[in-house]
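Notes for the one structure printed next.
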2 protein chains.
Amino acid sequence: MKGREFKDAMYDGLSKLLKALSNPFRLEIIEMLSQGEKSVEGIVQTTNLNFANASQHLQVLKNNNIVKSRKEKQYVYYSLVNNEFLSLYQQITKYAIHEIAELEKIMNRQREDNKALNAVNLDELETMIGNEDVLLLDVRPAIEFEFGHITGAISVPMNELMTQLKGIPLDKEIIAYCRGPFCVLADEAVKLLNEKGYHVRRLDEGYPEWKVKQLEINQ
Amino acid sequence: MKGREFKDAMYDGLSKLLKALSNPFRLEIIEMLSQGEKSVEGIVQTTNLNFANASQHLQVLKNNNIVKSRKEKQYVYYSLVNNEFLSLYQQITKYAIHEIAELEKIMNRQREDNKALNAVNLDELETMIGNEDVLLLDVRPAIEFEFGHITGAISVPMNELMTQLKGIPLDKEIIAYCRGPFCVLADEAVKLLNEKGYHVRRLDEGYPEWKVKQLEINQ
DNA sequence: CTATTATTCAATAGATTTATTGAATATATT
DNA sequence: AATATATTCAATAAATCTATTGAATAATAG
């Protein structure tokens, strides 16, 4: 293989990976799968995609080694191929949030609207964990909490927050978190709890980011 | 802005960045610009693109805040927008090389063909720098060496290697490097020098990777 | 002022990507 | 066996991306 052919082959392969990532729906699917495996139906429920379309996007991700699948009964469960990919995805989103001015602006407006501007970051969270006066609140759906959650968190899914208010102490500092920086569940939780008089902030990232950070610490 | 609109806006913005990156020629342009600024003609010379096409790809990169340009006389000089982007690009390529089996295979074959399999990595290089018996050889074009090079390296552009052989000592361990992991200049240098009896290996990455590593160390 | 060089613009055809639709397949339930 | 459910497949039209071509612009040199 001549030098030119080699370069072409490498850039071709790299661009195929990036092409597979360069679609907003597929990015959203990746975020969903970074919470744990999901059936196609699970994907359909939390995105605006129909079955055939979701399946098609999942094929693209699978053909590019971004997700893998296993079949159980009539269901096909998809999940991210490994933590290395998850880490790469997070590095890309982190860059986008901090270096693309337009995205930074949109994000600030979203957080402002939901009184979630003074978010806690993962480093700050670390110093707070174990503190008796801090309550870590996971507002994702229960199934995602079961697949994995930040140590010490309690699960109160966003759609049950109103009915479970009595279980949440008014005198603690509450940190709400969800799927990641693009997830709005924690924003909604902050807004709602704030109006009820709670002292609450959101984590600026989510469970998958915490998980990757733990992996890096323990390696 | 409703939660759904927010998510859509963020994933849209992120996918636009990735779309701008998902073209093999644009990736090659990025690698060229990570050596320092270049005029459109400079890009045309080292890629297989014609002027209009190169200019078009450069516009795409510019519109997505990946490169910036300045005009001097009749020339337009393009460069990467900042080191944060350079670092992201390198993280993506690093993932591709190590986690995409097909690319890893192609790369190993390329290195095997050019006797460059036992490459030195940046950590190993660090322990060798300053050693009197090690000669660090930059085989990129002279202009790229001038824009920046690894401390202590000497410049012998690949196309002058044959004529400058007498200046290269036979008794030293030689480490050749060039633009990065996809660059074949160092492979060719290893092959040529090897056949002439030199003790030579290549750096598995290139000058831009060394530069980003220095930035991280000094921050 | 004219010619030359570097770059961009504009138009277009071909290739690729995507959403939609309806049918096909596979597994479980009755 | 018949039905229901979950998923994939196949075909297609619309949208987008890309390379090519030739013209337009801008700066310099003669």
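Every chain is numbered from 1, with letters handed out A, B, ... down the list of sequences.
Rounded to an integer number of Å, the gap from CD of B:E41 to P of C:dT7 is 6 Å. To the nearest angstrom, P of C:dT16 lies 11 Å from NZ of A:K16. In this entry the distance linking CG of A:L61 with P of C:dT17 reads 14 Å, nearest Å. Following rounding to the nearest Å, A:I29 (CD1) and C:dT18 (C1') show an atom-to-atom distance of 13 Å. A straight line from OH of A:Y77 to P of D:dT8 spans 13 Å, rounded to a whole angstrom. In this structure, the CD atom of A:Q59 is 14 Å from the P atom of C:dT18, given to the nearest Å. Rounded to whole Å, atom C1' of D:dT7 lies 15 Å from atom CZ of A:R70. Atoms CG (B:N64) and C1' (D:dC17) sit 13 Å apart, rounded to a whole Å.
Annotation: side chain of B:E31 is in contact with side chain of A:Y11 (closest heavy-atom distance under 4.5 Å). With a 4.5 Å cut-off on side-chain heavy atoms, A:E188 and A:V184 count as touching.
Scanning for side chain to side chain contact (heavy atoms under 4.5 Å, CB included) contacts around A:E104 gives A:N108, with sequence neighbours left out. Contacts of B:Y78 classified as ring pair (Phe, Tyr, Trp, His ring centres under 6.0 Å), with partners at least two apart in sequence or in another chain: none. Qualifying salt bridge (Lys or Arg N to Asp or Glu O under 4.0 Å) partners for B:D187, counting only residues two or more places apart in sequence or in other chains: B:R111, B:R202.
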What is the per-nucleotide protein-contact pattern of nucleotides 18-30 of chain D, from the 5' end, where B denotes a base atom under 4.0 Å from a protein heavy atom, S denotes such proximity for sugar-phosphate atoms only, and - denotes neither?
SBBBB---SSS--
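When the nucleotides D:dT8, C:dT8, C:dA6 are ranked by their closest atom to the side chain of B:S55, C:dT8 comes out on top.
Among the heavy atoms of the strands lying under 4.0 Å from B:Y75 are primed sugar atoms or P, OP1, OP2 only; no base atom is included.
Here A:Y78 does not reach the OP1 or OP2 of D:dA6: none of its side-chain N or O atoms lies under 4.0 Å away.
Between its opening and closing five pairs, the helix from C:dC1-D:dG30 to C:dT30-D:dA1 changes axis direction by 10°, a value rounded to 10 degrees.
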Under 3.5 Å donor-acceptor pairs involving side-chain atoms of residues 209-217 of chain B, not counting sequence neighbours:
{"residue": "B:E209", "atom": "OE1", "partner": "B:G206", "partner atom": "N", "Å": "2.9"}
{"residue": "B:K213", "atom": "NZ", "partner": "B:D123", "partner atom": "OD1", "Å": "2.7"}
{"residue": "B:K213", "atom": "NZ", "partner": "B:E126", "partner atom": "OE1", "Å": "3.2"}

N/O donor-acceptor pairs under 3.5 Å from side chains in residues 147-155 of chain B, not counting sequence neighbours:
{"residue": "B:H149", "atom": "ND1", "partner": "B:F145", "partner atom": "O", "Å": "2.9"}

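The stretch residues 13-30 of chain B participates, sequence neighbours left out, in these salt bridge (charged side-chain N to carboxylate O under 4.0 Å, His left out) pairs: A:R4-B:E28, A:K7-B:E28. For residues 35-53 of chain B, the salt bridge (charged side-chain N to carboxylate O under 4.0 Å, His left out) pairs, not counting sequence neighbours, are B:E37-B:R70, B:K38-B:E144.
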